[in-house]
Every structure is written in structure tokens, then in C-alpha cells.
Amino acid sequence: MPELPEVETVRRGLRPLLIGRTFTSAGTHPSAKFTPAVHTVGTTVADIDRRGKYLLVALDDHRSLVIHLGMTGQLRVDPADALPDPYDRAWWTLDDGRRFAFRDVRRFGRIAVVGTDLRSLPTLAALGPEPFDPVFTPQSLWADLHRSQVRVKTQLLNQRVVAGIGNIYADEALWRARVHPASRSVSRPAAARLHGAIIAVLTQGIENGGTTLRDYRTVDGGSGSNQYRLDCYGQAGEPCPRCATIMRRQVIDARGTTWCPACQRR
DNA sequence: CGCAGCGCCTGAAGGC
DNA sequence: TGCCTTCAGGCGCTGC
């Protein structure tokens, strides 16, 4: 599932391929999740940014093409003679003849085109701080978590306390900070550890080009390597890398969750 | 306004 | 071998 490190890796791969290119035609799957893509025809890509898990393709008319990869989304730039994939949900012809494609088997992804003000898209307006932004501090994390009784892991996933975390990096950060995922309150020292752990696991994820468990691919079709560096996610039944206690898995607020019952106490 | 619950999707994997 | 069921889960929407 593409989270911040995966989207950031895609962003970095896409920039040299798309910046300066003009969309000369576009087509989509009939779902309204993808049809807005056609409104970019005739524009030129000025830059590619990211906000949380959203890819922001800045266009030369000051609008932005916003792409969320959902669960199974992939972005590719193919040669002119490449065969289209049956799971391509949106595709653009570029002025150099190549083809830009958004492949998304489960169709959990979506596309929007917005004007100058990105906040006009409610989902972007509601997003919490970027984890690498200086406004995201141990104090702000504690204060935001403290405001709600919702379980800490669920708050990390809701994109309002901080943007960009999904199930993999939530489990990793909580493990690293030694915080129980189902906790409904977190001490100041625990929030400080969690703040550092969030930044650390996301930084490591970016450095490793993302986590490829199944669908996630880089722009060139390659895999990331962070799946070989996971301490917690998917490690249920294995010994904890820190204390050797067998790691446990349980569904918490409808999300599969793995933690160490010894290191991560309530 | 906060939040719980539901629906969207389909391939993979497991059971019989 | 083949059919059926279950599972994975981010997010938009609805309604309390």
C-alpha cells in the first residue's frame, strides 16, 4: 500500500520524465474516480510535489492534477509502442510520444484536478502537517493525540495528526517508540519517542525506495527494498528484534496490527 | 464537529 | 481440479 515513502519515491522518479512534457490526449476508465484526468489535456507539467500520500502534478495553467494511489495504484511512463495494460485506469499521451499511465487493479485510487488553491479540495485541506515540517513537533503530536480518546494507531492513520502514515509505517513507528497501538492516551515522553520514530521510519522508507509487499512499484517498474528492513509489520509469530518475545497480531479498529506484547505495554 | 460504520474493489490464498 | 469464502485496507460518505 503506497504510503508517504512510496509516493515520495514515485514523485522523484516521475519528475525528470514528466516536467516540461505536455499532455496531448487522455483517456480513462468510466468511473468518476478517474474521469477528471481528461481535463488536463493541453497543459504542460510544471512541477511535481507531494502532500501526505497525495501526488500533486502542478500544471502550467496553475491548476494541479492530484493523484492518490489508493491500495494498488502504480504510475508508469511507457515508450510509444508499449501495449496498454488492462488495469490502466487513466492514461495520457505526452508530446514526446510516450504514454503516462495510472494502473490500479482495485480502483481504490482516485484523481482530481483543482485550481490554484489546493485547499479547495476538502481532503487536502483537512490534512495534518507533513512529518518533516518543523511545525510537527513532539509537543504538537502530544497535544493532538491528547485531544482525542481514539486509539493512538487509529489517530496516526487518520491523516489529521500527521500526514502520510499508513498501516505499515504506523506499526513500525509504534514498535520503534515502544507504544502500544491500542493506547487511548500517550504520555509526553511516549509522544516524544513516537515523533522521532515517525520521522525515522519514514526517512528510512524513502532511503530504501519504499516497501514493496505486493503491488507497489517504482516508476521504472522496480521494487523498493524497505520490506527487508521491517521490524514489526508482518512479523507476527516471529521474535521481536529488540527483546525476542514472540510478536502478536490482532485486528484493532478494523486494521491488522502487529506489536510486541513485551516492549509495547499499555 | 467528532467519530463509528459501511461500501468500494478484485486477486490471492485457504478450505473442502 | 475447481468452486466458494475470506482477506487485504485507504478513504469518501452517511448519519448519529
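These numbers come from the heavy atoms of this one structure, side chains and all, not from hydrogens, waters or symmetry mates. Letters A, B, ... are given to chains in the order of the sequence lines, protein chains preceding strands, and every chain is numbered from 1. Computed from a predicted model, the values in this text were never measured in an experiment.
- A close approach under 4.0 Å does not occur between any side-chain nitrogen or oxygen of A/Arg110 and OP1 or OP2 of C/dG10.
- Using a 4.0 Å heavy-atom cutoff across all strands shown, A/Gly109 reaches no nucleic acid atom at all.
- Among the heavy atoms of the strands, none lies under 4.0 Å from A/Arg103.
- If A/Tyr54 and A/Val251 are placed on DNA chain C by their nearest nucleotide, the residue sitting closer to the 5' end is A/Val251.
- Under 4.0 angstrom from either OP1 or OP2 of C/dG10 there lies no side-chain N or O belonging to A/Gln159.
- Within 4.0 Å (heavy atoms only), A/Arg107 reaches sugar-phosphate atoms of the nucleic acid but no base atom.
- Close to C/dC11, at under 4.0 Å from its OP1 or OP2, lies no side-chain N or O of A/Thr123.
- Not one side-chain nitrogen or oxygen of A/Lys33 sits closer than 4.0 Å to the OP1 or OP2 atom of C/dG12.
- Between A/Arg76 and the choices A/Asp88, A/Asp104, A/Asp220, the salt bridge (Lys or Arg N to Asp or Glu O under 4.0 Å) rule is met once, by A/Asp88.
- A donor-acceptor contact under 3.5 angstrom links the side chains of A/Tyr54 and A/Thr123, judged on distance only.
- The phosphate of C/dC11 (OP1 or OP2) has a side-chain N or O of A/His68 nearer than 4.0 angstrom.
- Between the axis at the start and the axis at the end of the helix from B/dG2-C/dC16 to B/dC16-C/dG2 there is an angle of 40°, using five pairs per end and rounding to 10 degrees.
- Annotation: side chain to side chain donor-acceptor pair (under 3.5 Å) contacts involving residues 229-249 of chain A, sequence neighbours excluded, comprise A/Arg248-A/Gln250.
- Remark: A/Tyr216 is not in phosphate contact with C/dG10, judged by side-chain N or O atoms under 4.0 Å from OP1 or OP2.
- Between A/Arg106 and C/dC11, a side-chain N or O to OP1/OP2 separation shorter than 4.0 Å is absent.
- Along DNA chain B, read 5' to 3', the first and last nucleotides having any atom under 4.0 Å from a heavy atom of chain A are B/dC3 to B/dA12.
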